[in-house]
Amino acid sequence: MAVALEIGDANNLDGNNNSGKITLSVLITCIVAASGGLIFGYDIGISGGVTTMPSFLETFFPSVAKQAAEAKNTNMYCMYDSHALTLFTSSLYIAGLVASPVASRLIATTGRKKVMLLGGCIFFAGAALNGLAANVLMLILGRLMLGFGVGFNNQATPVYLSEVAPPKWRGAFSTGFQFFNGIGVLSANCINFFVAKHSWGWRLSLGLASVPAAIMTIGALCILDTPSSLVERGKLVEARQSLIKIRGNKSNVDDELADLVNSSALAKAAHEPLKTIFERRNRPHLVMAIAIPFFQQFTGIGVVAFYTPVVFSSVGSGQDSALTAAIVLGAVNLGSILVSTVVVDRYGRRLLFIIGGIQMFICQVALSILLYMATGAAGTEKIPKGYDLLLLVFMCIYAAGFGWSWNPLTVLIPSEIFPMRIRATGVSINIAVAFSATFVLSQFFLTMLCHLKHSLFLFYGCWIAVMTVFVVVFLPETRGIPLEKMDEVWMKHWYWRRFVGGQL
């Protein structure tokens, strides 16, 4: 029998006696599933560091290596301005964008677990190909495979976590994906630091991506599929057994199973979920599926995560200092995700969004002013001693604000707001928007840095102000609401109720 652990004394929002308990089974299951964040996090951390390694640039992008050396005495912001180089990073997101609708179909027909397994295997193969790459073609092909693996995994894992976790603690469990993402980023930054001076260092950095892929894939073999997925595929006996295992009590699962069966019937009635999601009653869900991932990327975090070593190298820091800065930022991000895990189900989603937004806005403005003072309007002056430390401090405060707001909540909110009838489609749209925005920003970041210089951070600051206002006005609080009753949230919202009306 599964062990049940009593957590807190929050109100029982779904009428289920077990909603306040976390069983050992669900704890282990969610940890294993959340470990899928390792592969995405490792790739985010490894890419920026590798692109500053001289041996990597000389092997695949010799023109960029020459350009970086020449730009040190002209415009430091343009040291790495190369679309070929940014394609190395951004190609992953094109593949992820293509994989997302495929994964959406697969998780509905084969289940969440099998899609996670498939994503892990493809990512493993891509990591091996990158580590053995002999030319740019092999490098890009490996990146495309990594993108398909990430696309499958990012589609299946958040849905899995939201469906398995107890409603009262869904936020904490769902942020586990981003916590493992943070572990992946930090691990990659540390590896980059220790291997950067070796000519073969980039091979080790890229090839070791196979380790988190193996961890996730082996872990996925050991867990059950979600009750929602089993009901969706007509496996009611297995769904009940899965509920008993993760809830830890036979007597309290029948009502939840009945809700799942009812939701599944509504889902099957929507024969074309891609068409259904555009119906008027689903307008709030669709807006959030598009706006939240779009806004997340326009916080500027994607380019900060990928190109922290590049940014610090560009303003005159040495390679060691640049890679050290990436490690520090990774550690801050990881710690802030832990803070979010602790408070997200106590204080809610909206408050974290607002606090994080204000914090990031202030830091982006401060970073722009600091870089202007340090490098001049043209970006030709080497950053004075002490300024690089102040730059790192502001970036850490910014990373902390992102880490307990837009980082975990961008995964959590879309995974919990959709009814079962359009959940897979909604999450697919969410991921597709995220990949599209990340591709565009990653591909053009170095060019924007070259032309906008310090003003680039003001550009992101303006977007942060807009998205914070959007949250205040349009995002309802979803803390503690069971997935089956989420439509009630939109019915009570001052604006969205005109779309949802009485159609639940």
Side-chain angles (χ1 to χ4, degrees), residues 1-2 4 14 16 18-19 21-36 102-120 152-167 169-170 173-174 176-177 216-271 273 415-428 482-486:
M1 179 179 292
D14 64 346
N16 188 332
N18 205 41
S19 66
K21 297 178 181 178
I22 300 174
T23 65
L24 183 61
S25 176
V26 78
L27 184 63
I28 294 172
T29 298
C30 286
I31 289 174
V32 170
S35 67
V102 178
S104 174
R105 293 284 184 177
L106 287 177
I107 67 169
T109 57
T110 65
R112 288 55 164 152
K113 174 180 173 177
K114 288 183 179 179
V115 174
M116 291 163 60
L117 286 169
L118 180 60
F152 286 156
N153 186 63
N154 282 20
Q155 174 78 24
T157 302
V159 174
Y160 187 102
L161 290 169
S162 68
E163 290 179 346
V164 169
W169 304 104
R170 187 173 57 245
F173 278 99
S174 294
F177 179 81
M216 190 212 77
T217 304
I218 293 171
L221 287 170
C222 304
I223 59 178
L224 296 172
D225 215 333
T226 70
S228 294
S229 177
L230 293 168
V231 168
E232 191 175 11
R233 290 177 286 144
K235 301 181 179 181
L236 299 185
V237 175
E238 293 178 37
R240 191 173 190 278
Q241 292 173 343
S242 179
L243 272 174
I244 291 171
K245 187 170 184 179
I246 64 177
R247 299 301 183 228
N249 193 325
K250 291 184 179 181
S251 62
N252 292 329
V253 300
D254 290 333
D255 288 343
E256 186 172 355
L257 182 61
D259 285 338
L260 292 176
V261 171
N262 182 56
S263 297
S264 179
L266 291 173
K268 290 178 180 178
H271 299 294
S415 70
E416 67 181 0
I417 62 173
F418 292 101
M420 186 187 293
R421 63 182 179 269
I422 54 172
R423 186 172 300 152
T425 303
V427 173
S428 176
L483 297 181
E484 300 78 27
K485 303 182 185 299
M486 194 63 70

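Annotation: the span from Leu243 atom CG to Ser228 atom OG amounts to 8.0 Å, rounded to 0.5 Å. Between the OG1 atom in Thr109 and the NZ atom in Lys114 there is a gap of 9.0 Å [rounded to 0.5 Å]. Atom-to-atom distance recorded for Ser242:OG and Lys235:NZ is 12.0 Å, nearest 0.5 angstrom. Rounding to the nearest 0.5 Å places CG of Asn262 at 11.5 Å from CG of Leu257. A distance of 10.0 Å separates CG in Leu221 from CE in Met116, rounded to the nearest 0.5 Å.
A donor-acceptor pair under 3.5 Å is formed between the side chain of Ser162 and the backbone N or O of Ser415. With Arg112 contributing its side chain and Ile107 its backbone, the two residues share a donor-acceptor pair below 3.5 Å.
The two atoms that bring Phe177 and Ala34 nearest to each other are N-CB, 3.6 Å, heavy atoms only. Smallest separation of non-hydrogen atoms from Val231 and Leu260: CG1-O, 3.7 Å. Shortest non-hydrogen contact noted between Val32 and Ala220 is CG1-N, 3.9 Å. Here the shortest heavy-atom pairing between Asn153 and Gly36 reads ND2-O, 2.8 Å. Shown here for Gly119 and Phe152, the closest heavy-atom pair between the two residues is CA-CB, 3.8 Å. Taking every heavy atom of both residues into account, Phe173 and Ala165 meet most closely at CB-CB, 3.6 Å.
Every residue two or more places apart in sequence or in another chain that forms a side chain to side chain contact (heavy atoms under 4.5 Å, CB included) with Lys113 is listed here: Leu117, Asp225.
At least one side-chain heavy atom of Arg240 sits less than 4.5 Å from a side-chain heavy atom of Ile244. Put simply, the side chain of Ser104 reaches to within 4.5 Å of the side chain of Gln155, judged on heavy atoms.
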Stepwise side chain to side chain contact (heavy atoms under 4.5 Å, CB included) check, Ile223 with Val164 | CA-CA 11 Å; Ile223 59 178; Val164 169; over 6 Å; no
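Using a 4.0 Å cut-off between charged side-chain N and carboxylate O, Glu238 and Arg233 make no salt bridge.
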